[in-house]
Colleague: 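Following this message is one structure expressed as structure tokens.
Lettering of chains follows the sequences in order, A, B, ..., and the numbering in each one begins at 1.
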There are 2 protein chains.
Amino acid sequence: MKTITRIDQIFLITRGIKKMVKMSDVAKLAEVSNATVSRVLSSPENVREETRKRVLESIKELNYQPNTIARSFRKMETKSILVIVPDVTNQFFSEVLRGIEQKAGENGYQVLLGNSNNDVEKEYDFLNQLRQRQADGMILLTARMKQEVIEEFSEDFPVVLACEYKEGSSIPTVSIDNISGARKATEHLINLGHKRIAHLSGPMEVILSRDRLKGYHQAMLRNELETDSVLVQEGDYSYEAGYNLMNKLCALEEPPTAVFAANDEMAIGAIKAAKENFFRVPEDIAVVGFDDIKISSIFEPSLTTVSQPKLEIGEKAMELLLKQMNFEELNRKQIVLEDKLILRQSCGFNKKKK
Amino acid sequence: MKTITRIDQIFLITRGIKKMVKMSDVAKLAEVSNATVSRVLSSPENVREETRKRVLESIKELNYQPNTIARSFRKMETKSILVIVPDVTNQFFSEVLRGIEQKAGENGYQVLLGNSNNDVEKEYDFLNQLRQRQADGMILLTARMKQEVIEEFSEDFPVVLACEYKEGSSIPTVSIDNISGARKATEHLINLGHKRIAHLSGPMEVILSRDRLKGYHQAMLRNELETDSVLVQEGDYSYEAGYNLMNKLCALEEPPTAVFAANDEMAIGAIKAAKENFFRVPEDIAVVGFDDIKISSIFEPSLTTVSQPKLEIGEKAMELLLKQMNFEELNRKQIVLEDKLILRQSCGFNKKKK
DNA sequence: GCATTTTTTGTAATCGATTACATTTATTCG
DNA sequence: CGAATAAATGTAATCGATTACAAAAAATGC
């Protein structure tokens, strides 16, 4: 009966690095070969019950933890994926992230978070990280890089675009139909009788922004409304941009009676500015946003907005990525999920009288 | 003059795995040994200019990317750290994260994000990930695990606690003085003339919650105010908890005239509930929060709150971790940063007349 | 009981970069 | 110029788990 003491286990501390128990230590104690220990861990059904028990006991006794780096090295996979977010502090993305994380966790993948900080250069850096095998795959929640680059890259590595996409490309993508969502939002304002409707757009180099603008234009055109070009203002999806742009609009000789903002953060900034300019929302100016982030329902007036299925976007994106990493065929490469217009107070809808 | 075509580079696709260019390929093309290539990459000053140039050209020509897994394996380090967050969607943490990310990036470290979802079991799982060397160190933004466990763990691996801490432990920690912060907040309400002050606390098993409660009690005691035990309600830091608890308080025969909430999310939930119960904020009920998250200044009424230096907490935590990973001595293990009471409308302060 | 098949275990090569040590080449200096 | 020293490069072991293949042990069948 051999007993291993704690002293035996913890041993030498050399230059601060703890000497770890390795597989061969377990093998020795259990009086089997390295291979058998490995098998107990990865395919226990091929090991005789008795041997397996002995090995497991040794593992426990030595408190052995397999060295993931060595395993990764041998198998040339990290069991982790990289998710690139334009801005970690943005609520919208953190919910998508949650969807990704969940599916990833279920399938034994770690999520490495990459914050691009809205900087394209950073995005390119992240591609290299994947090239260097720091992760097995990648989900991009922002894609400002050149189309050719991403496309070529996606031929060699598992990549999924979520939310953003590239026109006419074959990169697996999960998103909603931004054009129709924006159209719905704008049409809602039109149906409420508004004619002078402004749009606070996102940056034009981002396709989402162009799509939402397009939806806005379509709605205006279909209803034979003119769009005064001064009513379309380009922002960057930030609260501050919404606030500043709305201040501009309020200063116009003929201010709009309604505003469709390309996301909720800008919409809230806009409402804030409108109020400060003594416009009542929704009475004087109705506002509609996009995304349905958490504050939108809490803020007053609560925000009418186009709701994206954030969690589902994350989950589906991870599913697409998993399939690629497992070399499964993708039957559908472009997944378009349903958005939904949520009516709240900021455009005059009242759930309950107050 | 040897030319390498794209075909040469991209080669065989076997079972979907692209054959990568490796160091030996570069060595062969540059007609040097493996070691020299390695040196060009990690200590170029030891390689003759001419040779170095030749190697760099080959690297470029073959588009060689070092295999990080192999490097990690050999050096037994991943150059990544693990950050455990109780909830990714929480604004407060995402800002701390940004501080961590920044410092990590500057020092060549990747940030692996772990979402514990407020589940202790998950936290224990993350410890094992570190044991298995998935990362070189770990920052805990939540620490519900048993003190002994974390402490023993922290002897073998680089760990930093941020925001949370463990009493009388020697684990490196970055935080503010929550007791004094809470006391300040409560005293502010007392100075405004409030006597019946409620407290919406966090879960009692979290030390932050206990500290903030303690600060509240201290302030009351010092000012010889009685604390009606029905006025202290335990929540879980969520908007919903604040909302529900405030509904309870409003239904009291003698409702409080002021509320100190243990964080901003609960404070905002509380204001929302107060309003729905026809209490005006701050006229009928003054509210103070804790954390100073972004919405707090946007929400109406804007929220008086104790501001934590979120970014700095993240940076300092990463600095402590870096020192541990580099086996440097820590001169100070417990870092306490300054908080600041920010006066806004929710307790009757008006920056500008409206 | 012995040949055949099946199951279990062991042996040793392998993944790709790093690095201690050995060797070669270049430089310095009397 | 040649010895001594310094600089540049090469050789080969190494990190720890996995796995193809070989060998041994157990089970089966006649």
Side-chain angles (χ1 to χ4, degrees), chain A residues 11-12 14-15 17-56 58-59 62-79 108 131-134 136, chain B residues 11-12 14-15 17-56 58-59 62-79 108 131-134 136:
Chain A
F11 5 57
L12 340 151
T14 324
R15 264 192 299 142
I17 299 167
K18 195 175 107 186
K19 194 100 173 80
M20 298 298 288
V21 179
K22 53 179 124 163
M23 194 173 265
S24 57
D25 299 326
V26 176
K28 207 179 293 172
L29 180 62
E31 295 175 306
V32 295
S33 75
N34 243 343
T36 301
V37 178
S38 178
R39 277 188 284 255
V40 167
L41 257 30
S42 50
S43 56
E45 69 277 10
N46 304 329
V47 179
R48 190 154 50 106
E49 163 100 39
E50 191 197 312
T51 318
R52 196 192 321 154
K53 246 182 72 186
R54 198 147 35 91
V55 170
L56 286 174
S58 303
I59 286 177
L62 294 172
N63 189 26
Y64 166 72
Q65 297 283 132
N67 184 322
T68 326
I69 307 182
R71 177 179 293 167
S72 284
F73 173 58
R74 176 58 224 246
K75 301 181 101 178
M76 279 305 151
E77 66 177 13
T78 61
K79 278 288 175 186
R131 282 210 184 86
Q132 294 168 7
R133 312 301 195 101
Q134 300 234 43
D136 301 341
Chain B
F11 3 60
L12 339 151
T14 323
R15 265 193 297 144
I17 298 168
K18 195 174 107 185
K19 194 99 174 77
M20 298 298 288
V21 179
K22 53 178 124 164
M23 193 173 265
S24 57
D25 298 326
V26 175
K28 207 179 294 171
L29 180 61
E31 294 175 305
V32 294
S33 75
N34 244 346
T36 300
V37 179
S38 179
R39 277 189 283 255
V40 167
L41 257 30
S42 51
S43 57
E45 68 278 11
N46 300 331
V47 179
R48 190 155 50 106
E49 163 100 41
E50 189 199 313
T51 318
R52 197 192 321 154
K53 245 181 73 187
R54 196 147 36 91
V55 170
L56 287 174
S58 303
I59 286 177
L62 294 171
N63 189 25
Y64 165 72
Q65 297 283 131
N67 184 321
T68 326
I69 307 181
R71 176 180 292 166
S72 285
F73 173 57
R74 176 57 223 244
K75 301 181 102 178
M76 276 308 152
E77 67 177 12
T78 60
K79 279 286 174 184
R131 282 210 184 85
Q132 294 169 7
R133 311 302 193 100
Q134 301 233 43
D136 302 341

Colleague: 5'-most contact on DNA chain C: B:L41 or A:T51, nearest heavy atom basis?
Modeller: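 Closer to the 5' end of DNA chain C: A:T51.
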Colleague: Is there a side-chain contact between A:M20 and A:K22 in this structure, where contact means two heavy atoms from C-beta onward sitting under 4.5 Å apart?
Modeller: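 Contact flag for A:M20/A:K22 side chains = no.
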Colleague: Would you kindly give the NZ-to-C1' distance between A:K22 and D:dC15, to the nearest whole Å?
Modeller: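 Rounding to the nearest Å, NZ of A:K22 and C1' of D:dC15 are 8 Å apart.
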Colleague: Rounded to whole Å, how long is the line connecting atom CD of A:E77 with atom P of C:dG16?
Modeller: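 After rounding, the gap between these two atoms is 14 Å.
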Colleague: Find the distance A:F73:CZ to C:dA17:P and express it as a whole number of Å.
Modeller: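 That distance rounds to 8 Å.
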Colleague: Heavy-atom distance under 4.5 Å between the side chains of A:N63 and A:V21, does that happen here?
Modeller: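 Not touching, per the 4.5 Å side-chain cut-off.
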Colleague: Just to be sure I understand the rule, does A:V37 reach a base, reach only the sugar-phosphate, or reach nothing, if contact means heavy atoms closer than 4.0 Å?
Modeller: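 No contact at all - A:V37 keeps every heavy atom at 4.0 Å or more from the nucleic acid.
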Colleague: Among A:V40, A:V37, A:V26, which residue meets the side chain to side chain contact (heavy atoms under 4.5 Å, CB included) test with A:L56?
Modeller: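 Among A:V40, A:V37, A:V26, the one that satisfies the side chain to side chain contact (heavy atoms under 4.5 Å, CB included) with A:L56 is A:V40.
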Colleague: Do A:M76 and B:N67 come within less than 4.5 Å of each other through their side chains, counting heavy atoms only?
Modeller: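 Sidechains of B:N67 and A:M76: in contact.
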Colleague: Using a heavy-atom cut-off of 4.0 Å across all strands, would you classify A:V32 as base, sugar-phosphate, or nothing?
Modeller: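 Contact class for A:V32: sugar-phosphate only.
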Colleague: Nucleotide by nucleotide, 5' to 3', does protein get under 4.0 Å of the base (B), only the sugar-phosphate (S), or neither (-) in nucleotides 19-28 of chain C, counting heavy atoms?
Modeller: B---------
Colleague: What is the separation between atom CG on A:N46 and atom P on D:dA20, rounded to the nearest whole Å?
Modeller: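 For the pair A:N46 CG and D:dA20 P, the rounded distance is 12 Å.
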Colleague: Tell me the interatomic distance from A:D25, atom CG, to D:dA17, atom C1', rounded to whole angstroms.
Modeller: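 It works out to 13 Å between those atoms.
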Colleague: Does C:dG16 have its OP1 or OP2 closer than 4.0 Å to a side-chain nitrogen or oxygen of B:Y64?
Modeller: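 No.
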Colleague: The side chain of A:A70 lies closest to which of these nucleotides: C:dA17, D:dT18, D:dG16?
Modeller: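 Nearest listed nucleotide: D:dG16.
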Colleague: Measure the shortest side-chain to side-chain distance between B:R54 and B:V32 over non-hydrogen atoms and say whether it is less than 4.5 angstrom.
Modeller: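 When only atoms from C-beta onward are counted, B:V32 and B:R54 do touch, with a gap below 4.5 Å.
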Colleague: Please give, in whole Å, the distance from C:dT18 C1' to B:N67 CG?
Modeller: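 For the pair B:N67 CG and C:dT18 C1', the rounded distance is 13 Å.
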Colleague: Is there a side-chain contact between B:L41 and B:M23, using heavy atoms and a 4.5 Å cut-off?
Modeller: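 They are in side-chain contact.
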Colleague: Expressed as a whole number of angstroms, how long is the span from A:L62:CG to D:dG16:P?
Modeller: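 One finds 15 Å between P of D:dG16 and CG of A:L62, rounded.
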Colleague: Verify the contact: side-chain N or O of A:R71 to OP1 or OP2 of D:dT18, cut-off strictly under 4.0 Å; return yes or no.
Modeller: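 Yes.
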Colleague: Can you tell me how far P of C:dT7 sits from CZ of A:R52, to the nearest Å?
Modeller: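 These atoms are roughly 14 Å apart.
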Colleague: Just compare C:dC15, C:dA17, D:dG16 and give me whichever is closest to any side-chain atom of B:M23.
Modeller: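 Within the option list, the nearest is C:dA17.
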Colleague: Can you tell me which nucleotide in D:dT18, C:dT11, D:dC15 comes closest to the side chain of A:S33?
Modeller: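 For A:S33, the side-chain atoms sit closest to C:dT11.
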Colleague: To the nearest 0.5 Å, how far apart are OG in B:S72 and CD in B:Q134?
Modeller: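 So the gap between those two atoms works out to 11.5 Å.
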